[in-house]
Number of protein chains: 2
Amino acid sequence: MPLDRRQRRRLETIEEVLDIAAEIMAEQGVAGLSVGEIARRMGIRPPSLYVYFPSKNALYDALFARGAELILAAMAEQRSDLTGSFEEQLLASARAFIGWCIEHPAYSQLLFWRPVPGFTPTAEAYAPAVRLLGLTTAWFEELQSDGLIRADVAVADVLRDWTVITSGVISQQLANAPDEDVEAGRYLAALPGLAAMFAAHYGATRPSARSRGRARHADQR
Amino acid sequence: MPLDRRQRRRLETIEEVLDIAAEIMAEQGVAGLSVGEIARRMGIRPPSLYVYFPSKNALYDALFARGAELILAAMAEQRSDLTGSFEEQLLASARAFIGWCIEHPAYSQLLFWRPVPGFTPTAEAYAPAVRLLGLTTAWFEELQSDGLIRADVAVADVLRDWTVITSGVISQQLANAPDEDVEAGRYLAALPGLAAMFAAHYGATRPSARSRGRARHADQR
DNA sequence: GTCTATATGACGATAGAC
DNA sequence: GTCTATCGTCATATAGAC
């Protein structure tokens, strides 16, 4: 069923509200978002916004969903390009992820910390994040089948440890040097060393017995 | 110069304000702290608090200083007890640190994230955090002198990588499972594996040439 | 010196007129 | 769908009681 003019217009307004809200969050921080400021920048009165969002938390929820979709899209796009050793793939993937977070610090705070008292994302808003976790799990499972990850470790543990490391880089970078860009990022600079350490620990040194014959170049050093 | 009755009474009141403020932060989150709520629980009017703190941010600053002092004290206390291999010392130290953070999530948010728009800690409030970093640096330097850390790596890099890992555990634990205690903490459970990985990468396998003859039991496996 | 009384302007949110 | 009017709460400021 096609959307009529009114529905389309409504969706456009909602997008505009979210654009401006994201802009304010980027300037003032997640908790600095104010309904009045959104209305001011849109040239309308605050109560008019309640036609589109029943509460400020509903607005945060929509922003959470949007951020999760954006990062899911960014990661899904480069997933197919991942080649090379375990270490190379880890590094490329984490660089994309952390790079996005550094470029979108406000979204990152909303997605990965809990800065708004009383706000918890709904299941719908969380869905893209779950899909991203699923994608990453599938990727690690494939790496193990291909013999790039040791066969004697649980994928869930490898994934948990890797997310700890990436979220540590993000957390340190955003908290201690929020104004550094991707090139300057002093904690992002730790990533190659950490990826090497991680690959040395969890990477397989030869194709495993379960390899399906399409293993990429494993780190054989 | 001893404090007279008035000054002592004033300091007691300030301590009471901070106690209650920390209590509210623990219940409502960092951003959920309200001056009015503090006054309500103390049985006074909000403006009275401005005798002790010139602004809400000054209050956050005092809380930041207090949290930093608390964690510095917790870490300094157990530092002298650290013995054993590099891996064992890493694990014991990080467990103490992360355990404190899990038990004091509100202080941790204030100390390690940036949840309050417009608030940046003053240099005085930051001082204990700097001292803690200094303590940890000295500890790592000692470990290197004792031959437990490879002689060919910079202590600053080892320290940066280790803080990335510990802050990753804290970040994941507080964001994804804030209600789990220290025993249940599913991300804290990743710590032994991560410490083993880290020690295998940066730990020395034999006492270095620079050992001062008081090396502890190095991991010789 | 310490607190109260009172006021200001911003906030999130609601009701109802048009 | 947007407005005005309004509510209660918030941080904050000032004046003055005791």
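So that the names make sense, note that chain A is the first sequence line, chain B the second, and so on, each numbered from 1.
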Next on the checklist: One pair to check against salt bridge (Lys or Arg N to Asp or Glu O under 4.0 Å): A/Asp19 and A/Arg66. What are the steps and the verdict?
Outcome noted: CA-CA 10 Å; A/Asp19 284 341; A/Arg66 215 188 197 219; 2.6 Å; yes
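- Of the candidates C/dT4, D/dC10, C/dA15, D/dC10 carries the atom nearest the B/Arg40 side chain, counting heavy atoms from C-beta on.
- When the P atom of D/dT2 is taken as reference, atom CZ of A/Arg9 falls 7 Å away, rounded to whole Å.
- A straight line from CG of B/Leu49 to P of C/dC3 spans 9 Å, rounded to a whole angstrom.
- Distances were taken from every side-chain heavy atom of B/Tyr52 (C-beta onward) to each of C/dG12, D/dT4, C/dT2; the shortest belongs to C/dT2.
- Residue B/Ile38 is out of contact with every strand shown, counting any heavy-atom pair closer than 4.0 Å.
- Contacts of B/Arg45 with the nucleic acid, taken as non-hydrogen atoms under 4.0 Å apart, involve only primed sugar atoms and P, OP1 or OP2.
- Aromatic ring orientation, A/Phe64 versus A/Tyr126: parallel (interplanar angle below 30°, classes split at 30° and 60°).
- Regarding contacts with the backbone of C/dT2, a side-chain N or O of B/Arg10 is found under 4.0 angstrom from either OP1 or OP2.
- Side-chain N or O atoms of A/Glu88 include one that pairs as donor or acceptor with a backbone N or O of A/Ser85 at under 3.5 Å.
- No side-chain N or O of A/Asp157 forms a donor-acceptor pair with one of A/Tyr202 less than 3.5 Å apart.
- Closest to the A/Val51 side chain, of the nucleotides D/dA5, D/dT2, D/dT12, is D/dT2.
- Residue contacts shown for B/Leu59 are absent, as no nucleic acid heavy atom lies under 4.0 Å away.
- In summary, A/Glu37 and A/Arg40 engage in a salt bridge, as defined by a charged side-chain N under 4.0 Å from a carboxylate O.
- Side-chain N/O atoms of B/Ser34 include one lying less than 4.0 angstrom from OP1 or OP2 on D/dA11.
- A/Pro46 comes within 4.0 angstrom of nothing in the nucleic acid, heavy atoms only.
- Phosphate contact (OP1/OP2 of C/dT2, side-chain N/O of B/Ser48, threshold under 4.0 Å): absent.
- Put simply, CG on B/Asn57 is 7 Å from P on D/dT12, counting in whole angstrom units.
- For the OP1/OP2 pair of D/dA15 and a distance below 4.0 Å, the side-chain nitrogens and oxygens of B/Tyr50 include no atom meeting the criterion.
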